[in-house]
Amino acid sequence: MIKIKSSEITSKEEYLSRRDFLKTAGIVTAGAALLAACGAEEEIPATPATSNLPAEEVATDLTQELTAKESVLNYNNYYEFTTDKERVAKLAEDFVFSPWTVEVSGLVNKPQTFGIEDLLSKFTIEERIYRMRCVEAWSMVIPWNGFTLASLLNEVEPTSDAKFVRFETLADPDQMPGLINKLYPWPYQEGLRLDEAMNDLTLLSTGLYGESLAGQNGAPIRLVVPWKYGFKSIKSIVKIELTAEQPSTFWEGIAPNEYGFYANVNPAVDHPRWSQATERRISELKRRETLYLNGYADEVAHLYEGMDPNNLY
Ligand code: MTE
């Protein structure tokens, strides 16, 4: 894992001035219309994937410069608050997440409801620096704090019938103004296959940049699955259920032709409305080539042996 000195982190001023440049250059489009369903912030033609980008403008390396904390805290997707990424932080400012419990139930020998404090004291909190690739074709590098989902699942002992894990976010209309939009099938829910959930990369995050999670990032506990598009990384979890059947998920329920259950990052499979071949790393000018499984193939490609990677969108 590559640690980055704080001196190498892009400052807020530098980030903001680059954004101004991008806006002036017409590179960032508002994309308001596209947000009806999770949409690309930049309009990139679906195919041919990179034809409009000179090769030298696309970075291909795996360098891990951390995304500035200011950007991680102020550029968010959290539809329960708003679909406007730059207003989530403000709207989540007074989000009350204490007391908080996470119910772990379903096909387990020891169902339990954990208080957030129990989880924080029971498991060793570690730092994991992961790339996060949103399906909208932007990405960040984030230093998360948390513990593996496997350590929690081992505690409740899944039975031999358990094949999937289903997650659910709080849906509190008194605190979450976005819930007023009844077109969305609240509560937000997500799912993983049990072996994906047990993989060592799969994290339950309780903090970032060494501080507790802020409301806009999914306080007090959220999932982080770095080889899948960001929408799998469900925020503010209140329920985890082990099931025999593949659970339905929020975005798949809204637009099954656009968002699948697996949602594995794959530059070769375009979203129906835009290319996934490249991405914009927040605060960088050059686009980057998107990497298969977001660069984590060594760790997780074996989970998909015998399956067609192009069907795992
Ligand atoms: N979880 C919930 N409950 N609601 C959401 O709208 N958005 C997802 C994911 N988890 C979302 C969610 C999407 S599309 C992304 S890209 C990431 O959260 C963004 O996480 P961040 O705001 O911490 O960067």
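Note that ligands are numbered from 1 as they come in the structure, with each ligand's atoms numbered from 1 the same way.
From Arg131, atom CZ reaches atom CG of Leu291 across 6.5 Å, with rounding to the nearest 0.5 Å. Here the CD1-CD1 distance, from Ile221 to Ile234, works out to 12.0 Å after rounding to the nearest 0.5 Å.
Taking only nitrogen or oxygen atoms, main chain and side chain alike, Asn217 reaches within less than 3.5 Å of ligand 1. For a threshold of 3.5 Å applied to N or O pairs, the pair formed by Trp138 and ligand 1 contains no separation below that value.
Between Lys239 and Glu103 there is no salt bridge, since no side-chain N of the basic residue sits under 4.0 Å from a carboxylate O of the acidic one. The pair Arg288-Glu284 meets the salt-bridge criterion, since a charged nitrogen lies less than 4.0 angstrom from a carboxylate oxygen. Electrostatic pairing of Glu211 and Lys69 counts as a salt bridge here, judged by a charged N lying under 4.0 Å from a carboxylate O. A salt bridge links Glu136 to Lys85: at least one charged side-chain nitrogen sits closer than 4.0 Å to a carboxylate oxygen.
With a 4.0 Å cut-off on non-hydrogen atoms, Asn76 touches ligand 1 through its backbone as well as its side chain. Heavy atoms of Glu136 found under 4.0 angstrom from ligand 1: none, in either backbone or side chain. Of all the heavy atoms of Tyr79, the ones lying under 4.0 Å from any atom of ligand 1 are found in both the backbone and the side chain. By the criterion of a heavy-atom distance under 4.0 Å, neither the backbone nor the side chain of Lys232 is placed next to ligand 1.
Within the 4.0 Å heavy-atom cutoff, Glu190 does not count among the residues contacting ligand 1. Not close to ligand 1: Gly218, with no non-hydrogen atom less than 4.0 angstrom away. Every heavy atom of Met140 sits 4.0 Å or more from the atoms of ligand 1.
Using a 4.0 Å cut-off to heavy atoms of Ser233, the atoms of ligand 1 that qualify are 9 (C), 10 (N), 18 (O). With ligand atoms numbered from 1 in the order given, ligand 1 contributes 2 (C), 3 (N), 4 (N), 5 (C), 6 (O) to contacts under 4.0 Å with heavy atoms of Glu80. Close approach to Thr169 involves these atoms of ligand 1, each under 4.0 Å from a residue heavy atom: 3 (N). Every atom of ligand 1 with a heavy atom of Cys134 under 4.0 Å away is listed here by number and element: 16 (S).
Ring pair Trp186/Phe250: centre-to-centre distance below 6.0 Å.
Considering Arg222, Glu168, Lys235 only, the shortest heavy-atom separation from atom 1 (N) of ligand 1 involves Lys235. When the heavy-atom distances from atom 8 (C) of ligand 1 to Tyr188, Tyr229, Tyr78 are ranked, the shortest goes to Tyr188.
Relative to the ring axis of Phe261, Arg193 does not place its NZ or CZ within 45° and under 6.0 Å from the centre. Annotation: cation-pi pair Lys90/Phe81 absent, no NZ/CZ under 6.0 Å from the ring centroid and within 45° of its normal.
For the ring-ring contact (aromatic ring centres under 6.0 Å, His included) test with His271, the passing option among Tyr313, Tyr259, Tyr229, Trp251 is Tyr259; the others fail.
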